[in-house]
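Presented below is the structure to which this report refers.
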2 protein chains.
Amino acid sequence: MNQFVKFISQFISLSNEDTIALENVLSNKSYKAGDKIVQQGNICNSILFTVSGKARSYFVNHEGQEFTWNFHFNDADSKFENYFLVDYHSFLRQTPSHLTIEALEDIEAITLSYTNIQKIVSKSINLEKVASIMSATAYQNVHKRAFTLLTSNAKERYLQLLKDEPYLLNKFQHYLIASYLGVAPQSLSRLRKEISKP
Amino acid sequence: MNQFVKFISQFISLSNEDTIALENVLSNKSYKAGDKIVQQGNICNSILFTVSGKARSYFVNHEGQEFTWNFHFNDADSKFENYFLVDYHSFLRQTPSHLTIEALEDIEAITLSYTNIQKIVSKSINLEKVASIMSATAYQNVHKRAFTLLTSNAKERYLQLLKDEPYLLNKFQHYLIASYLGVAPQSLSRLRKEISKP
DNA sequence: CACTTTCATTCACATTTGTGAAGAAATGAA
DNA sequence: TTCATTTCTTCACAAATGTGAATGAAAGTG
């Protein structure tokens with residue numbers, strides 16, 4: 001069974017017709033390490049479900065600095081949002097993306113385009129829940145992110161990462177983690193030292 | 001005409017039936033300055049549209065510190081989100097609120113309950129757009145908030161506020177603005193001094 | 001009006017975080 | 001393996017931000 005369909009069926013019950021309708025609009029896509037899967041400024045017109053490989057999403061400010069928004073991969077540790085290669089904001093509103101998503105390794109993915117999701121949503125009421133779950137999740141995550149950034153300092157943010165998603169430290173380079181936390185790599189290093197031996 | 005209906009009809013075209021259906025489920029509610037309109041930990045079960053008065057939403061961390069999430073008021077300067085007294089996250093998912101919303105002045109508001117919105121949404125497809133616009137807007141705002149906090153320092157955040165919503169400085173006390181920006185009141189004061197005479 | 005309370009500002013100093021440079025460690029390529 | 005490249009850590013110092021106390025301005029109250 002298609003991995004994406006399997007994933008979705010954890011959250012909503014799909015009839016046979018739904019499953020078939022869904023599978024019919026899905027296709028496979030692969031990217032090479034270094035490829036830009038989504039480009040800042042372009043409209044993100046499909047949702048990609050990661051099957052294998054790692055990616056990261058980030059934005060670049062006017063000075064050219066990169067800020068990691070999230071990490072993308074598919075394994076036992078993955079959270080909902082980690083599976084998807086998409087700028088929700090851009091996808092849902094069909095506006096230019098703020099994010100760039102870059103393959104850190106070769107990527108295998110399953111793709112569902114904006115036009116295709118429209119088709120199946122209009123046919124099958126059940127599938128509306130997919131979009132609803134995804135946007136609710138996206139909202140929840142971004143809310144938590146804003147909350148954390150507003151209320152916590154660098155050390156607290158790192159401790160929260162250690163608690164909530166410690167596996168990221170093994171999967172991704174520390175300078176990417178640092179930019180995810182909103183600190184300089186050297187500062188992250190200092191925090192790690194400080195915390196390891198109190 | 002009901003102010004809330006008027007507001008909504010800027011965004012979606014309401015048939016006469018829709019308008020009547022909507023007006024039937026709306027009611028007026030007032031609060032005294034200091035009242036808690038939404039309480040952190042409680043489920044937020046209605047959307048309130050501000051007619052007059054000012055409020056702010058904030059969360060309190062484990063140490064009792066307050067962080068201002070947003071400001072709420074209705075006048076020429078108001079942005080979409082400023083009109084509404086609601087924790088979207090709590091409202092949409094019917095989960096405990098992260099926010100407390102407190103009346104800073106006496107408040108007149110129009111209320112639309114969760115159960116009532118369900119009723120009219122099922123009757124009138126058109127009104128589905130209300131929820132969709134509101135949640136998309138909420139998402140957009142929280143996204144921008146997270147983005148700004150991740151990528152900008154205190155000075156840049158203050159300059160952005162000066163650019164995007166300078167009227168807040170006249171409407172709300174500076175220590176509240178400071179907590180909205182995520183800085184100490186003294187630091188905001190220092191930034192203001194620094195920026196006023198370069 | 002005088003009195004009290006709240007808020008904004010300022011200052012000195014502490015703490016946190018950033019920065020550039022250097023070297024150590026890890027990784028990848030031949 | 002060896003060599004080159006990348007990443008991580010460490011350090012010294014700089015810049016940004018927090019903190020507590022003091023002051024004065026503004027607003028509210030009688």
Side-chain angles (χ1 to χ4, degrees), chain A residues 32-34 53-54 56 58 60-68 71 102-106 148-162 166-198, chain B residues 32-34 53-54 56 58 60-68 71 102-106 148-162 166-198:
Chain A
K32 292 277 164 208
K54 292 189 285 194
R56 70 158 183 144
Y58 61 92
V60 182
N61 73 3
H62 43 286
E63 285 164 357
Q65 284 178 288
E66 291 181 2
F67 298 86
T68 297
F71 298 104
E102 181 184 299
L104 299 173
E105 303 173 344
D106 290 358
T148 302
L149 288 164
L150 181 63
T151 64
S152 312
N153 61 22
K155 190 177 190 171
E156 292 163 335
R157 297 201 298 277
Y158 177 63
L159 288 171
Q160 185 174 316
L161 181 130
L162 275 185
Y167 44 82
L168 291 181
L169 289 164
N170 308 321
K171 286 197 218 301
F172 296 93
Q173 290 148 341
H174 288 186
Y175 75 96
L176 295 179
I177 305 277
S179 113
Y180 178 61
L181 291 171
V183 297
Q186 299 97 317
S187 299
L188 175 57
S189 203
R190 173 166 44 205
L191 288 171
R192 286 167 54 75
K193 185 181 177 186
E194 196 181 329
I195 284 160
S196 66
K197 45 167 184 180
Chain B
K32 291 276 163 208
K54 291 189 285 194
R56 69 159 183 143
Y58 60 94
V60 182
N61 72 2
H62 44 285
E63 286 164 357
Q65 284 178 288
E66 291 180 2
F67 297 87
T68 297
F71 298 105
E102 181 184 300
L104 298 173
E105 302 174 344
D106 291 357
T148 302
L149 288 164
L150 182 63
T151 63
S152 312
N153 61 22
K155 191 177 189 171
E156 291 164 335
R157 297 201 297 277
Y158 176 64
L159 287 171
Q160 185 173 316
L161 181 130
L162 276 186
Y167 45 82
L168 291 182
L169 287 165
N170 308 321
K171 285 198 218 300
F172 298 93
Q173 290 147 342
H174 287 186
Y175 75 98
L176 296 179
I177 305 278
S179 112
Y180 177 63
L181 292 171
V183 297
Q186 298 97 318
S187 299
L188 175 57
S189 206
R190 173 166 42 203
L191 289 170
R192 286 167 54 74
K193 185 182 177 185
E194 195 181 328
I195 285 160
S196 66
K197 46 168 184 178

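Within every chain, numbering begins at 1; the chains are lettered A, B, ... in the order of the sequence lines, protein sequences first and strands thereafter.
With hydrogens and angles disregarded, no donor-acceptor distance shorter than 3.5 Å links the side chain of A:Asp106 to the backbone of A:Lys32.
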Could you list all N or O pairs between the protein and nucleotides 8-13 of chain C that sit under 3.5 Å apart?
from, atom 1, to, atom 2, distance (Å)
C:dA8, OP1, B:His174, N, 2.5
C:dA8, OP2, B:Tyr175, N, 3.1
C:dT9, OP2, B:Ser189, OG, 3.3
C:dT9, O5', B:Ser189, OG, 3.1
C:dC11, OP2, B:Lys193, NZ, 3.0

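Side-chain atoms of B:Val183 and B:Arg157, non-hydrogen and from C-beta on, do get closer than 4.5 Å to each other. Looking at heavy atoms from C-beta onward, B:Tyr175 lies out of side-chain contact with B:Leu188 at the 4.5 angstrom threshold. Looking at B:Leu161 and B:Leu169, their side chains come closer than 4.5 Å, going by heavy atoms from C-beta outward. Between A:Thr68 and A:Glu66, the closest side-chain pair of non-hydrogen atoms is not below 4.5 Å.
The line from CG of B:Leu191 to CG of B:Leu181 is 8.5 Å long, rounded to the nearest 0.5 Å.
Taking atom CG of A:Leu169 as the reference point, atom C1' of D:dC8 lies 13 Å away to the nearest angstrom. Taking atom CD of B:Gln65 as the reference point, atom P of D:dT17 lies 17 Å away to the nearest angstrom. Between the NZ atom of A:Lys155 and the P atom of C:dT15 there is a distance of 12 Å, rounded to whole Å. If you take CG of A:Leu104 and C1' of C:dT27, they are 16 Å apart, rounded to a whole angstrom. B:Glu156 places its CD atom 17 Å from the P atom of C:dT17, with the value rounded to the nearest Å. Whole-Å rounding puts the A:Tyr158 OH to C:dT17 C1' distance at 16 Å. Following rounding to the nearest Å, B:Asn153 (CG) and C:dT19 (C1') show an atom-to-atom distance of 14 Å. In this entry the distance linking CG of A:Leu191 with P of D:dC11 reads 15 Å, nearest Å.
The heavy-atom pair separating B:Lys54 from B:Lys171 by the smallest distance is NZ-O, 2.6 Å.
Two end axes, each from the C1' atoms of five base pairs, can be drawn for the helix from C:dC1-D:dG30 to C:dA30-D:dT1; they diverge by 50°, to 10 degrees.
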Take B:Arg192 and B:Tyr158 through the test side-chain hydrogen bond (donor to acceptor under 3.5 Å, both in side chains) and record every step on the way to the result.
CA-CA 8 Å; B:Arg192 286 167 54 74; B:Tyr158 176 64; 3.0 Å; yes
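With hydrogens and angles left out, the side-chain atoms of A:Gln160 and A:Ser152 include no donor and acceptor closer than 3.5 Å.
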